[in-house]
Each structure stands twice: as C-alpha cells, then as structure tokens.
Amino acid sequence: MEPSERERARQRDAHLGACSKGDPPGRADVIASWRRVSAAGVDPGGRPRIAPLDEAEVQRRRTHHGLDRITSELTPYLQSVVDGGHLVVVTDADGHVLWRMGRPGVRRFADDLGFVPGSEWTEGNVGTNAIGTALVLGEPVHI
C-alpha cells in the first residue's frame, strides 16, 4: 500500500532532519532538491502554487514548438509505455505540461495531483519531481 501524502511529508521531513546532522544515505540530487524545496517553503503535499496556463495558451505553445505534428508521429511508438501503466509527458523549457498520454485511470490520478496540461511542474511550484529537478540540474533525472 502506498504511503499517504502526510506520511511521505513526515518521512521527507525526518530525512531532511537527518541531513542536517550528517551525510544520510540517499541520492545527492534528491537530497539537494529537498533542501531547495524546503528553503523555498514549498509544501510537497500541497497543491501547485501557480495555476495552470489556460487551454488557448497551451495550444499556442504546442503550435509554436511544432508539438502537435511530433506527438501524432510518436503516439504509435509510445503505446506500449502507456499500456504498461505509465504517463508520457512533454513539457516546455519552463516546465509547463504541453502534452500527455496515458490510460484514463493514470490521467485521473495525475489530474488529482494537479499534473494537468498547462501546469508548471517546477520544484518551486510543486516540490521535488523529475521535470523540475531536471530543469534545475540541466540534465535528465529519474525521481
């Protein structure tokens, strides 16, 4: 069973407390992100701070980046990933979700987290996450 948001926040806070007393086991990139998020006052279990872009702006950005053409070409190749229960997401360089593909249940779960088209998925907006941490580090990361 998955821990609750409250339990994950408690575990994170306990781990951060241990970080201040030495070098705890864990990935340095994640620990550094937790510290940035904590220093910024972001509630990892809370809702995103910044509201999503409206649908017209998301579509404008998709068109600007040529995303509509690319995603229609990629979709057949991504089907097995989606069938495996994953959500495939494309963001812009600012971390705004511009496109996503997944099964309905996975998309609903993402919706409940505020992980919707137009949402800004940066560390400063939602806490530690692969998109936001990759933007900070300037390289791919798995969280």
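Atom set for the values below is all heavy atoms of this structure, side chains included, hydrogens, waters and symmetry mates excluded. If you read the sequence from its start, that first residue is 1, and numbering goes on from there.
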Could you tell me if the side chain of [Y] sits less than 4.5 Å from the side chain of [X], heavy atoms only?
X    : Y    : answer
L135 : T122 : yes
D92  : R62  : no
W99  : T75  : yes
V136 : R36  : yes
L53  : R61  : yes
T128 : T133 : yes
V89  : L87  : yes

Report whether [X] and [Y] are members of the same hydrophobic cluster (ILVMFWY, side-chain heavy atoms less than 4.5 Å apart, transitive linking).
X    : Y    : value
V58  : I70  : yes
V116 : F109 : no
L74  : V90  : yes
L137 : W121 : no

Check: T63 side chain, Q59 main-chain N or O, donor-acceptor pair, under 3.5 Å: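 Answer holds: yes.
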Given 3.5 Å as the limit, does a donor-acceptor pair link the side chain of N129 with the main chain of G127, or not?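 Pair found, side chain donor or acceptor close to backbone of G127.
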Take a 6.0 Å sphere around CD of E55 and say whether it holds more than 12 heavy atoms from other residues, nucleotides or ligands.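 It does not: E55 CD has 12 such atoms or fewer within range.
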Between R100 and D111, does at least one N-O distance fall below 4.0 Å, as a salt bridge requires?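 D111 and R100: salt-bridged.
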Output the distance between atom [atom1] ([X]) and atom [atom2] ([Y]), rounded to the nearest 0.5 Å.
X    : Y    : atom1 : atom2 : value
R49  : N125 : CZ    : CG    : 8.0 Å
R60  : H65  : CZ    : NE2   : 7.5 Å
L78  : T71  : CG    : OG1   : 9.5 Å
T91  : I131 : OG1   : CD1   : 5.0 Å
M101 : R107 : CE    : CZ    : 9.5 Å
L98  : L67  : CG    : CG    : 6.0 Å

